[in-house]
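This report refers to the structure that appears directly beneath it.
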Amino acid sequence: MAARSSSRLLVHAGRALTARLSPAAPASALLAENLSRGFATGAPAAEEDVVKAAFIKQQASFRSYLEGLKKVPIPLDALDDKATKTYAAAVKNIRESLGIPSFSEKLTNLLESAEEDSRDVRSFLEESRIIRRQLGVEDKLGAEKLMFAALDSVEKKLGKALVGDDVKGMALLQEEVNAINKKLGLKDGELEALEQQLETSMAKTDIAAFASEATEKIGTYKKRDGLEGVEVDLKALDPKAYM
């Protein structure tokens, strides 16, 4: 689609809705997915070496990321806000030092690419829905349904498909998006705060996954050694020993 204003509206709306929804997958799983996506198979010979080099660089970054994580204390109580924020900040520092994009940055890049490749607003919404699914985002609020309903309303008024350079149509869509934001409790200027909350939420998901894995392995050890009656305090353990 053309028109830079449409890009700002659609990409911003896509980022805001995704931040409001929160991914279902742990941050570590999403990072692995982000690093591996985009490695095309069957690329033309002239491009294959470039693509392969990019993939190798990504995998090296991921290995460095995992090595950095080994030095980070992992809390096993997702309800401990202070420990969770400390863990999230440490993970962020490692990621930034390696030049690995955050979830929000990766999402923005994908949405901008989708916007450029889409023939109209509907195809962009369909592609952005696919992107969110691939990144582990569940639409529990029905935000996507609201966006498509808004587009249906605008296109009915226009009598045609909405494209990015349709000034009148995009203005109507902006009104619809504003109404959706209000319904979902989204306010202008709070996108950065929402995306920071998203980073913390993903860290909590990671911690919960770590705790679950540690608990499962401890249970296996207790059953194997006949120690079912022994209580274990996860907070007193080094979770890395059980992963």
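Interatomic distance, CD1 of I130 versus CG of L125, reported as 11.5 Å (0.5 Å rounding). Expressed to the nearest 0.5 Å, how far CG of L146 lies from CG of L141 amounts to 9.0 Å. With rounding to the nearest 0.5 Å, the separation of CD1 in I131 from CD in E126 is 12.5 Å. The NZ atom of K92 sits 8.0 Å away from atom OG of S102, with the distance rounded to the nearest 0.5 Å. Atoms CD1 and OG1, from I207 and T84 in turn, are 3.5 Å apart once rounded to the nearest 0.5 Å.
For the 3.5 Å distance criterion, the side chains of S123 and D120 qualify, holding a donor opposite an acceptor. In this structure, a donor-acceptor pair under 3.5 Å is present between the side chains of N178 and Q174.
For A83, the side-chain contact (heavy atoms from CB on, under 4.5 Å) test picks out P75, D80, with sequence neighbours left out. The side-chain contact (heavy atoms from CB on, under 4.5 Å) search around R133 returns R129, D139, E144, not counting sequence neighbours.
Proximity of a side-chain donor or acceptor of S212 to a complementary backbone N or O of A209 within less than 3.5 Å is not detected. Put simply, the side chain of E155 never gets that close to the backbone of A161: no donor and acceptor are under 3.5 Å apart. Between the S113 side chain and the L110 main chain, no donor and acceptor come within less than 3.5 Å of each other.
Closest heavy-atom contact between A150 and I180: CB-CD1, 4.0 Å. Closest heavy-atom contact between G164 and M170: O-CG, 3.6 Å. Between L184 and A143, the closest heavy-atom pair is CD1-CB, 3.9 Å.
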Pair M147-V177, side-chain contact (heavy atoms from CB on, under 4.5 Å): steps then yes or no: CA-CA 7 Å; M147 286 295 293; V177 170; 4.1 Å; yes
Pair L158-L172, side-chain contact (heavy atoms from CB on, under 4.5 Å): steps then yes or no: CA-CA 10 Å; L158 295 174; L172 290 174; 4.2 Å; yes
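A 4.5 Å side-chain heavy-atom check between S153 and E176 finds at least one atom pair inside the cut-off. When side chains are defined from C-beta on, V163 does not count as touching V121, because their heavy atoms never get closer than 4.5 Å. Looking at heavy atoms from C-beta onward, D117 lies out of side-chain contact with F124 at the 4.5 angstrom threshold. Considering only heavy atoms from C-beta on, I100 stays 4.5 Å or farther from I94 through its side chain. Under the 4.5 Å side-chain criterion, counting only non-hydrogen atoms from C-beta, V154 is not in contact with E175.
Under the 4.0 Å criterion applied to side-chain N and carboxylate O atoms, R122 and D152 are assigned as salt-bridge partners.
A chain of hydrophobic side-chain contacts below 4.5 Å, direct or via other Ile, Leu, Val, Met, Phe, Trp or Tyr residues, connects Y87 to L98.
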